[in-house]
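Note that this is a predicted model, so its numbers are computed, not measured. All values below come from the heavy atoms of this structure, side chains included, with hydrogens, waters and symmetry mates left out.
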Amino acid sequence: MSDSAPLPGDDGTDLPTRVARWVAAGIIDRRWVEGQRLNEVHIAQELGTSRAPVREALRTLDEQGLVTYQARVGCVVNGFTPKTVEDLYAVRAAIERWCIIEGAPHLTDEDVERMERFLIPMEAAWVRRDYPAFYTHAWSMREVIHARSGNAVAFTEIRKLRSRLHQLPLVLHEIPEHSEWILRRHHDIVTAAKARDTEAIADIIVDILSVAGRYVREAYERRFTTDPHSTHGGSTASDGWSPPSEVFDSL
């Protein structure tokens, strides 16, 4: 790969993963529009790499739903709009609620204690405004319940839905009052878990995802109403286009 390739900085991830992030950012930023074919050769040339990591990256994006392979055509971009963001959060809320309903009744005392312990690093991260760590701990707490559902397929689908949003949820890191609310909500989750109140836990999770989805959708809409170079019908990238270099898990 050439030194001038506009890929995110080397953060220890493999090249196909970094290429997938780069292409995903282009799709979400509407460098490529719905129905447009992604040319492996052109992408490889632009990034200064071989076709192999590009091909592998596109397979990953196909699994995430950002692109689709079509016979005799190749890899084609799926549509990504503010409605897509809303739909992704809605589907994810439905799956997570199901996982809670299935998993929460099987929580052990040790599970609940483990969930409560996640509040300590969450609070510490919130105080120092380390939002990537904060949301990672929040997700880890909920994973304890998901794991008790015993449904690996549902868990995998949740991860895919999170990945499909790429870096859009990073906007939540810019809303301190939201993280404070999230911290309170996770305290509520622990309280409900101690009471073995499955419905309360499920309702809290759906509430969290509903609010997060609204924030993320609104932020995504603003990107294409305030940027004079972008349109709702899709835009092309300016010279030197490249996505932000950091990608973290959020809500």
Side-chain angles (χ1 to χ4, degrees), residues 13 17 60 63-66 84-127 130-170 172-173 175 178-217 247-251:
T13 55
T17 297
T60 296
E63 293 175 356
Q64 294 175 357
L66 283 168
T84 305
V85 175
E86 179 182 327
D87 291 345
L88 285 171
Y89 271 102
V91 172
R92 197 177 136 198
I95 297 176
E96 286 207 42
R97 180 181 176 82
W98 183 89
C99 285
I100 298 300
I101 296 299
E102 292 295 313
H106 302 290
L107 288 172
T108 65
D109 291 341
E110 290 74 17
D111 289 331
V112 176
E113 290 175 3
R114 183 182 173 202
M115 291 169 62
E116 187 170 25
R117 285 198 297 271
F118 277 116
L119 293 174
I120 299 173
M122 278 186 70
E123 291 174 350
W126 182 77
V127 168
D130 184 355
Y131 298 122
F134 173 84
Y135 284 110
T136 296
H137 293 310
W139 170 247
S140 296
M141 177 194 289
R142 282 146 54 191
E143 282 186 317
V144 175
I145 311 175
H146 295 158
R148 284 298 177 184
S149 73
N151 192 317
V153 174
F155 198 42
T156 298
E157 290 306 310
I158 292 171
R159 287 184 173 274
K160 286 182 180 179
L161 290 169
R162 295 178 75 221
S163 297
R164 188 169 176 181
L165 285 167
H166 191 51
Q167 59 191 343
L168 290 182
L170 287 177
L172 300 174
H173 298 186
I175 311 173
H178 180 68
S179 60
E180 182 178 9
W181 178 76
I182 289 293
L183 182 58
R184 293 198 304 270
R185 295 269 68 191
H186 279 73
H187 273 278
D188 294 339
I189 289 173
V190 172
T191 298
K194 288 180 177 180
R196 298 300 193 268
D197 191 340
T198 297
E199 287 292 337
I201 300 173
D203 288 344
I204 293 168
I205 296 300
V206 171
D207 189 30
I208 287 173
L209 290 173
S210 175
V211 173
R214 185 175 71 249
Y215 276 131
V216 175
R217 173 178 175 147
V247 180
F248 296 108
D249 284 336
S250 280
L251 287 175

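Here the closest heavy-atom approach between residue Gly103 and residue Arg148 is recorded as O-CB, 3.3 Å. Between Glu63 and Lys160, the closest heavy-atom pair is O-CD, 3.8 Å. Smallest separation of non-hydrogen atoms from Ala193 and Leu107: CB-CD1, 4.3 Å. The shortest non-hydrogen separation linking Ser179 to Phe134 is O-CZ, 3.2 Å. Considering all non-hydrogen atoms of both residues, Cys99 and Ser149 come closest at O-CB, 3.6 Å. The minimum heavy-atom distance between Ala93 and Leu209, with the atom names listed, is CA-CD1, 3.5 Å.
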Could you go through the side-chain contact (heavy atoms from CB on, under 4.5 Å) check for Tyr131 and Ile182 one step at a time?
CA-CA 11 Å; Tyr131 298 122; Ile182 289 293; over 6 Å; no
Steps toward salt bridge (Lys or Arg N to Asp or Glu O under 4.0 Å) verdict (Asp203, Arg185):
CA-CA 11 Å; Asp203 288 344; Arg185 295 269 68 191; over 6 Å; no
Audit row: Asp207, Trp181, side-chain contact (heavy atoms from CB on, under 4.5 Å) steps and yes/no:
CA-CA 11 Å; Asp207 189 30; Trp181 178 76; 3.3 Å; yes
Carefully, step by step, assess His146 and Ile100 under the rule side-chain contact (heavy atoms from CB on, under 4.5 Å).
CA-CA 6 Å; His146 295 158; Ile100 298 300; 4.1 Å; yes
Check against salt bridge (Lys or Arg N to Asp or Glu O under 4.0 Å), Asp111 and Arg114:
CA-CA 5 Å; Asp111 289 331; Arg114 183 182 173 202; 5.4 Å; no
Carefully, step by step, assess Glu143 and Arg159 under the rule salt bridge (Lys or Arg N to Asp or Glu O under 4.0 Å).
CA-CA 11 Å; Glu143 282 186 317; Arg159 287 184 173 274; 2.6 Å; yes
Carefully, step by step, assess His186 and Ile208 under the rule side-chain contact (heavy atoms from CB on, under 4.5 Å).
CA-CA 9 Å; His186 279 73; Ile208 287 173; 3.7 Å; yes
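For Arg164 (side chain) and Gly65 (main-chain N/O), a donor-acceptor pair under 3.5 Å exists by modelled atom type.
A 4.5 Å side-chain heavy-atom check between Val211 and Tyr215 finds at least one atom pair inside the cut-off. Arg162 has its side chain within reach of Trp139: a pair of non-hydrogen atoms, C-beta onward, lies under 4.5 Å apart. Side-chain contact between Met115 and Ile145: present, with at least one pair of heavy atoms (C-beta onward) separated by less than 4.5 Å. Counting heavy atoms from C-beta on, the side chains of Lys194 and Glu113 never come closer than 4.5 Å. Between Gln64 and His166 the shortest side-chain heavy-atom distance does not fall below 4.5 Å. No side-chain heavy atom of Val190 sits less than 4.5 Å from a side-chain heavy atom of Phe118.
Interatomic distance, CD of Glu116 versus CE of Met141, reported as 8.5 Å (0.5 Å rounding). Rounding to the nearest 0.5 Å gives a distance of 12.5 Å between OG of Ser210 and CZ of Arg92. Expressed to the nearest 0.5 Å, how far CD of Glu123 lies from CG of Leu183 amounts to 5.0 Å. Of the inter-residue distances, the one linking Met122 atom CE with His137 atom NE2 reads 8.5 Å to the nearest 0.5 angstrom. Interatomic distance, Ile205 CD1 to Ile189 CD1, rounded to the nearest 0.5 Å: 3.5 Å. Atom CD in Glu96 sits 12.5 Å away from atom CD1 in Ile201 (nearest 0.5 Å).
Ring-plane geometry between Tyr135 and His178 is classed as parallel, the angle between the planes falling under 30 degrees on a 0 to 90 degree scale with a further cut at 60.
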